[in-house]
Amino acid sequence: MGKFEYAPAPESRAIVSLRESYGLFIDGEFAPGVDGRAFKTISPATEEVLAEVTEAGPADVDRAVTAARKAYEHTWAVMPGTARAKYLFRIARIVQEKARELAVLESLDNGKPIRESRDVDIPLVAAHFFYYAGWADKLEYAGYGQAPRPLGVAGQVIPWNFPLLMLAWKIAPALACGNTVVLKPAETTPLTALAFAEICQQADLPPGVVNIVTGAGETGRALVTHPGIDKVAFTGSTEVGKEIARACAPTRKKLTLELGGKAANIVFEDAPIDQAVEGIVNGIFFNQGHVCCAGSRLLVQESVQDEVLAALRRRLATLRLGDPLDKNTDVGAINSAAQLAKIRELSDVGEAEGAQRWSPPCELPVKGFWFPPTLFTGVSQAHRIAREEIFGPVLSVLTFRTPAEAVEKANNTPYGLSAGVWTDKGSLILWMASRLRAGVVWANTFNKFDPASPFGGYKESGYGREGGRHGLEAYLDV
Ligand code: NDP
């Protein structure tokens, strides 16, 4: 059956008003950097320059940490939880009011489809602030003692795959617990963090409670190694996470790390196949596979392999790749040229190591960074595409015969962030979940997030939990 033709349905870009250049957000104000350095942020879909952004150096990071310390000591930590809650509620409401604008901005800067930024990222951002607003005056009931104390100033470094959502995961619990923050967004996606700074101004958040320093890896390094930081929270690659762990080890800083993943999405022969195929697609092609918990390894029971693969190929042929601002788009742009090069390299290695590569017929735009949805079959556990995080729209398919074999293969990875199990049998789900070494196990669904639910990893996927009551622990002196 041929796919329906859709008329273009672009979201309006005009609802976003971008400044030509952005300063750093320190002590409640936008300010230029000390040494005047700047970089450009581009749209990965068109390579168009969107804005110029200040690159914070060590002196700027120091100013931000000083502002955060002052706000911590004189304002935020001494404020009653009920008052902090009001600010968090206010931020959540403004995020909701600006949802359309924020979604367009996120899709412009990141390349993700507007359908996802509009229906997933931004609603979850608001939900996180609402959820942690609820905790701000109830911390003594969270199970961490009768009068849990905040830690102080948090230095937070986030990646480019869910820019505003990762900001919310970091800032909402930190503020609810009475900490102040200095946050560094990723170099390729700073714009929604800067829009968030404007939201803080609009919410009348006291100056210095939230500070945003833009820049590249060096800025992140200056932040996490700053002696005035009490807590470091990082989401990103395992490699940088290890470096940060080494830097924090000789200090008193508390550290949480949310790193890479190579999740198994396990489909048993009794699973509802059509539903499972939707889950496989959502697991690896959502956000172009730029998802730490992506279901990048499909483990399918041998008896249904042919059926599942045929259905999956049919489904992939219907995915629409292109303009992230088009409401019909399923697969957007790869976030950067560097990430595209990495996806290409690992996919070429997959072929060279003997796996069979398949993509549906798919026309890629000439400008920008694009990679088609891709399947690899004939993958063995030793292949690099079965072991390394590709962080792109590339699925490696392996097979198994028994539940025990599925568990062994799923756990055969240095990571342990998430897993999925598809079966009709509740008992099998529980049997599998108790054996899978993964922080989150989804049953008959995948990539579902909720602010009330903790998220985090085992092994090289990091430590500490974000979200839910557990997420408070990372920001309390317990
Ligand atoms: P990084 O880990 O380099 O980036 C994450 C954040 O850390 C960014 O803000 C980055 O700044 C910053 N950073 C980089 N170096 C340092 C440092 N030494 N000290 C402190 N902060 C630092 O990820 P990449 O963007 O380079 O992506 C590389 C790979 O990492 C991807 O291909 C993917 O496999 C994985 N990844 C995993 C993510 C996850 O959620 N688990 C998220 C992103 C990437 P800057 O943006 O300027 O580099």
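Note that ligands are numbered from 1 as they come in the structure, with each ligand's atoms numbered from 1 the same way. Counting from 1, the numbers follow the sequence of the chain as shown. Values below: every heavy atom of this structure, side chains too, minus hydrogens, waters and symmetry copies. All figures in this text were calculated on a predicted structure; none of them were measured in a lab.
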- Task: Mark whether atom 4 (O) of ligand 1 lies under 4.0 angstrom from at least one protein heavy atom.
- Result: no
- Message: What protein heavy atom lies closest to atom 12 (C) of ligand 1? Include the residue and the distance to one decimal.
- Response: V157 CG1, 3.6 Å
- Taking the six-membered ring for Trp, are H290 and W160 parallel (under 30°), tilted (30 to 60°) or perpendicular (over 60°)? perpendicular
Looking at ligand 1, does any of its N/O atoms fall within less than 3.5 Å of an N/O of [X]?
{"X": "I158", "answer": "yes"}
{"X": "G236", "answer": "yes"}
{"X": "G217", "answer": "yes"}

Heavy atom to [atom], shortest distance: which of [options] holds it?
{"atom": "atom 37 (C) of ligand 1", "options": "F391, F39, Y415", "answer": "F391"}
{"atom": "atom 21 (N) of ligand 1", "options": "G220, G289, A294, G261", "answer": "G220"}
{"atom": "atom 29 (C) of ligand 1", "options": "E388, E55, K342", "answer": "K342"}
{"atom": "atom 30 (O) of ligand 1", "options": "C293, S237, G457, A338", "answer": "S237"}
{"atom": "atom 22 (C) of ligand 1", "options": "V240, L257, N335, I390", "answer": "V240"}

- Task: Identify whether NZ of Lys or CZ of Arg in R315 sits under 6.0 Å from the centre of the six-membered ring of F285 and within 45° of that ring's axis.
- Result: no
- Please work out whether any backbone atom (N, CA, C, O) or any side-chain heavy atom from C-beta onward of E239 is under 4.0 Å from ligand 1, and answer side chain, backbone, both or neither. neither
